[in-house]
Amino acid sequence: MAMTRTPVRRVLDYTVLSVLAFVFALPALYLFLGSLKPSDEVLNGLSGFLPTHLSFDNYTAVLDSLSSDSTGYFWQFMGVSVLLSFVVVTGGLIVNSMAAYGLTRLKWRGQNAVFTLVLLLMLIPFESVAVPLFYMFNGQRNTLFVQGLPFVANAFAIYQFHTFFKKIPPSIEEAARLDGAGPWRTFFAIIVPMSRPVFASVAILTFLIQWGSFLWPVLMVSDPSVRPLPLEMSVFQGQQPPDWGQILAFGVLLVLPVLIVFAFFQRWFVEGVASSAVKG
């Protein structure tokens, strides 16, 4: 029999959760308030949370300082990151979901061995293969191709899709097969619409990883015309003397697309989390 929480326990739970949420939100609040302050008032400890002398001058200064051929253009850096993220997320959803479906539903020789290999690939950190990849793709440096292609296929995304597809009753596909639907039609017309929560989860996680990618661009990109936004932020931050108000403003501009993507997929993402919690 399920236990019901008392009003006091419910109030206590919400109080603890609210305090934790506030603590985790403090760095983001500091980032936003600091981006609206003069540089000499940013690094002032706890007084940095005081909403004084606020303006959007730092944002204007960032955009103005990155608006020439010598410095590069902010919107060009943003466009490179958006394009790469779109290609990696979209390509990853297609490739990884189809791979997972083949590993989950289709029966073929070596299936278990391939899935075991996928699990092993999840244990290998990217840093350990970055140098070999650098030599493999050295001829493709300073291209959009080399920044996106190696990250379309993702072992963890395949595992996420595989886990979700296993929970779908096989009877649904058997009914589709009796109606004359083949594997391709079954996948795209039935499985994909039923799997929006996992597609949203994978899209968000893939976007976060690709949007914040730094090590690989450092190794492969030296041409400002194909420089993604995180790499440009490191260049911007290295200018002397550092203007911390502008640096934090740059950070806010870097974070905004992440919030937009999460807001877009939020409903399906929450459905997926809730569904996993109930089934677990």
Side-chain angles (χ1 to χ4, degrees), residues 24 81 84-141 143-168 187 191-192 195-221 228-231 234 254-255 258 261-262 265 268-280:
F24 282 112
S81 287
L84 288 173
S85 298
F86 176 79
V87 170
V88 172
V89 171
T90 304
L93 290 178
I94 297 173
V95 170
N96 297 318
S97 63
M98 293 174 62
Y101 185 72
L103 289 169
T104 308
R105 291 297 200 235
L106 305 182
K107 302 301 180 183
W108 43 279
R109 182 177 298 178
Q111 181 180 20
N112 293 332
V114 172
F115 182 65
T116 301
L117 178 61
V118 171
L119 296 179
L120 292 176
L121 289 175
M122 291 172 53
L123 304 178
I124 302 176
F126 175 73
E127 290 77 6
S128 64
V129 297
V131 174
L133 283 175
F134 171 79
Y135 285 104
M136 286 176 59
F137 292 101
N138 191 45
Q140 300 294 325
R141 295 184 73 248
T143 63
L144 296 176
F145 169 82
V146 77
Q147 295 187 66
L149 181 65
F151 306 102
V152 171
N154 184 281
F156 182 65
I158 293 175
Y159 175 75
Q160 285 183 290
F161 280 117
H162 180 274
T163 302
F164 189 91
F165 291 160
K166 284 187 66 176
K167 297 177 182 179
I168 298 178
F187 177 72
I191 300 300
V192 171
S195 306
R196 286 181 296 181
V198 69
F199 272 86
S201 300
V202 172
I204 290 174
L205 294 177
T206 304
F207 178 82
L208 286 173
I209 294 172
Q210 178 59 36
W211 187 260
S213 177
F214 182 76
L215 175 60
W216 187 240
V218 166
L219 294 175
M220 303 303 294
V221 176
L229 205 57
L231 182 57
S234 70
L254 183 63
V255 169
V258 177
V261 169
F262 181 78
F265 289 105
W268 297 314
F269 179 74
V270 173
E271 286 179 4
V273 174
S275 175
S276 299
V278 172
K279 293 180 181 180

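Worth saying up front: this structure is predicted, and the values here are computed from it rather than measured.
Side-chain atoms of Asn96 never come within 3.5 Å of backbone atoms of Tyr159 as a donor-acceptor pair (strictly under, hydrogens ignored). The closest donor-acceptor contact from the side chain of Ser81 to the backbone of Leu229 lies under 3.5 Å. Thr90 places no side-chain N or O within donor-acceptor distance of the main-chain N or O of Val87, the cut-off being under 3.5 Å. Although no hydrogens or angles enter the test, the distance criterion places no donor-acceptor pair under 3.5 Å between the side chain of Gln147 and the main chain of Pro217. Judged by distance alone, the side chain of Trp216 and the main-chain N or O of Val146 form a donor-acceptor pair under 3.5 Å.
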>> Apply side chain to side chain contact (heavy atoms under 4.5 Å, CB included) to residues Trp108 and Val114 and explain how you reach the verdict.
In response: CA-CA 10 Å; Trp108 43 279; Val114 172; 3.7 Å; yes

> Should Ile209 and Thr206 be marked as a side chain to side chain contact (heavy atoms under 4.5 Å, CB included) after you check the CA-CA gap, both sets of side-chain angles, and the distance that decides it?
Replying inline: CA-CA 5 Å; Ile209 294 172; Thr206 304; 5.9 Å; no

>> Under the criterion side chain to side chain contact (heavy atoms under 4.5 Å, CB included), I'd like the reasoning laid out for Ser195 against Ile168: C-alpha separation, chi angles, the key distance, then a yes or no.
In response: CA-CA 9 Å; Ser195 306; Ile168 298 178; 3.8 Å; yes

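Atom NE2 of residue His162 and atom NZ of residue Lys167 lie 12.0 Å apart, to the nearest 0.5 angstrom. Atoms CD and CZ, on Gln210 and Phe86 in that order, are 13.0 Å from each other to the nearest 0.5 Å. To the nearest 0.5 Å, atom OG1 of residue Thr116 and atom CG of residue Leu121 are 11.0 Å apart.
Heavy atoms of other residues, nucleotides or ligands lying less than 6.0 angstrom from CZ of Phe137 number more than 12. Heavy atoms of other residues, nucleotides or ligands lying less than 6.0 angstrom from CZ of Phe214 number more than 12.
Phe207 and Val258 get closest at one heavy-atom pair: CE2-CA, 3.7 Å. Shown here for Lys166 and Thr104, the closest heavy-atom pair between the two residues is CG-CG2, 3.6 Å. Nearest heavy-atom pair, Phe199 versus Leu93, reported as atom, atom and distance to 0.1 Å: O-CD2, 3.7 Å. The shortest heavy-atom contact between Leu231 and Val218 is CD1-CG2, 3.7 Å. Contact between Met122 and Ala155 at its shortest, heavy atoms only, is CG-CB, 3.7 Å. The heavy-atom pair separating Ile158 from Ala99 by the smallest distance is CD1-CB, 4.1 Å.
In this structure, the side chains of Phe161 and Met98 stay at 4.5 Å or more apart for every pair of heavy atoms. With a 4.5 Å cut-off on side-chain heavy atoms, Gln140 and Leu149 do not count as touching. A heavy-atom distance below 4.5 Å is found between the side chains of Leu215 and Glu127.
Taking the centre of each ring, Phe151 and Phe126 come in below the 6.0 Å mark.
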